[in-house]
Amino acid sequence: MMGNLSGGHVAEFVLVGFPTLLPFQLLLFVLFLAIYLLILLENALIVSTIWLTPSLHRPMYFFLAHLSFLELWYINVTVPRLLGAFLTQDRRVSYVGCMTQLYFFIALACTECVLLAVMAYDRYLAICEPLRYPTLMPSSLAIRLAASSWGSGFFSSMMKLLFISRLSYCGPNIINHFFCDISPLLNLTCSDKEQAELVDFLLALVMILLPLLAVVSSYTAIIAAIVRIPTAQGRHKAFSTCASHLAVVVIYYSSTLFTYARPRAMYTFNHNKIISVLYTIIVPFLNPAIYCLRNKEVKDALRKLVLGRCHYSRDVPDRCAAEPSRQEGTVS
């Protein structure tokens, strides 16, 4: 399947990346390496903390663990090759390697879109239906929703790759990007790309817009519930927590919508690479802080895990970040 199925002559591509002078290349290498290592550390700690803390075995943290696990894979799809290019100046990637990178990148990106919608729905139930939450979100449903997120993402990617890999690539082979992405590859094909563009566009709408509608609907109801909180302090506290969450959702969905939910393959330009840095590097870097590290339960559990403290605070967490605390069912 990964071979150039339609008989194109290109055996490898060249990723332009971020072409600058050598001193700036080394500076970018150090910057991206530091961010890369921090992302690995943050998300590995969160997955381990949730896994090893029985009190966190609840649907909200179950989904957060999946998100952090996804980010561990997501960052490894693009950044290691970029770091290698900074050091060796070798920007070549084989056809098979390019298609493999494209498959996993699309799969994980689509999975994250659906998973964000699932997390928003979970918070809607916890905040707007707190008494019925254990019944509406049992552990079995949480497992099925997480599995559906992964399954839909990888299936969507397989369908996209099926059409893209059938295109011919006769040259040139220069990709103005730092990883193999759909639009640059469509711009390089020497065969009819109309069908591949249509499939890409339709699947992008399904995998991005439908989850986005679920997120918007869920948080509209959440904000309406926050407005009904009687005290100004309670409203401010709940809204500030939700605002951080929504900020990442807005950054991720706006950048992915701009890049993928378009009917024609965009022309490659440098601004597209900057936008790609947002959702491939910056968002995975910010997610742990916004979703977990501001949460008191996670911070206390993380402190206990890392520092070995015996005292573990059981204070009720922020309403938007972790309600309900004792009524939520566990996920084994």
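The figures that follow rest on heavy atoms only: side chains count, while hydrogens, waters and symmetry mates do not. By convention here, the first residue in the shown sequence is residue 1.
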Item to check | Partners meeting salt bridge (charged side-chain N to carboxylate O under 4.0 Å, His left out) with Arg144 (sequence neighbours left out) | outcome: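 For Arg144, no residue satisfies salt bridge (charged side-chain N to carboxylate O under 4.0 Å, His left out) once neighbours in sequence are set aside.
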
Are the side chains of [Y] and [X] in contact, using a 4.5 Å heavy-atom criterion?
X	Y	value
Gln101	Val93	no
Asn43	Phe69	no
Tyr219	Arg123	yes

Next on the checklist: Would a single hydrophobic cluster contain both Leu186 and Val16, if residues Ile, Leu, Val, Met, Phe, Trp and Tyr are joined by side-chain heavy-atom contacts under 4.5 Å?
Outcome noted: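 In one cluster with Val16: Leu186, no.
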
Next on the checklist: Between Ile174 and Tyr169, is there shared hydrophobic-cluster membership here, with clusters defined by ILVMFWY side-chain heavy atoms closer than 4.5 Å?
Outcome noted: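 Different hydrophobic clusters.
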
Flag if over 12 foreign heavy atoms under 6.0 Å of [atom1], [X]:
X	atom1	value
Gln89	CD	yes
Tyr124	OH	no
Phe104	CZ	no

Item to check | Pairs satisfying disulfide bond (SG atoms under 2.5 Å apart), at least one member in residues 94-157, at least two apart | outcome: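 Matches after skipping sequence neighbours: Cys98-Cys180.
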
Next on the checklist: If only side-chain N and O atoms count, and only distance matters, is there a donor-acceptor pair under 3.5 Å linking Thr189 with Ser191?
Outcome noted: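 Yes, a side-chain donor-acceptor pair sits under 3.5 Å.
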
Next on the checklist: For the residue pair Trp51 / His57, report whether a side-chain donor-acceptor contact shorter than 3.5 Å exists.
Outcome noted: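 His57 vs Trp51: no donor-acceptor pair found between side chains.
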
Next on the checklist: Is the ring pair Tyr103/Phe154 parallel, tilted or perpendicular, if the boundaries are 30 and 60 degrees?
Outcome noted: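 Correct class here is perpendicular.
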
Next on the checklist: Is the ring pair His177/Phe179 parallel, tilted or perpendicular, if the boundaries are 30 and 60 degrees?
Outcome noted: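 Aromatic pair His177/Phe179 classed tilted.
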
Next on the checklist: Between Trp150 and Leu108, does the side-chain contact (heavy atoms from CB on, under 4.5 Å) criterion hold? Intermediate values first, please.
Outcome noted: CA-CA 8 Å; Trp150 288 92; Leu108 294 171; 3.8 Å; yes

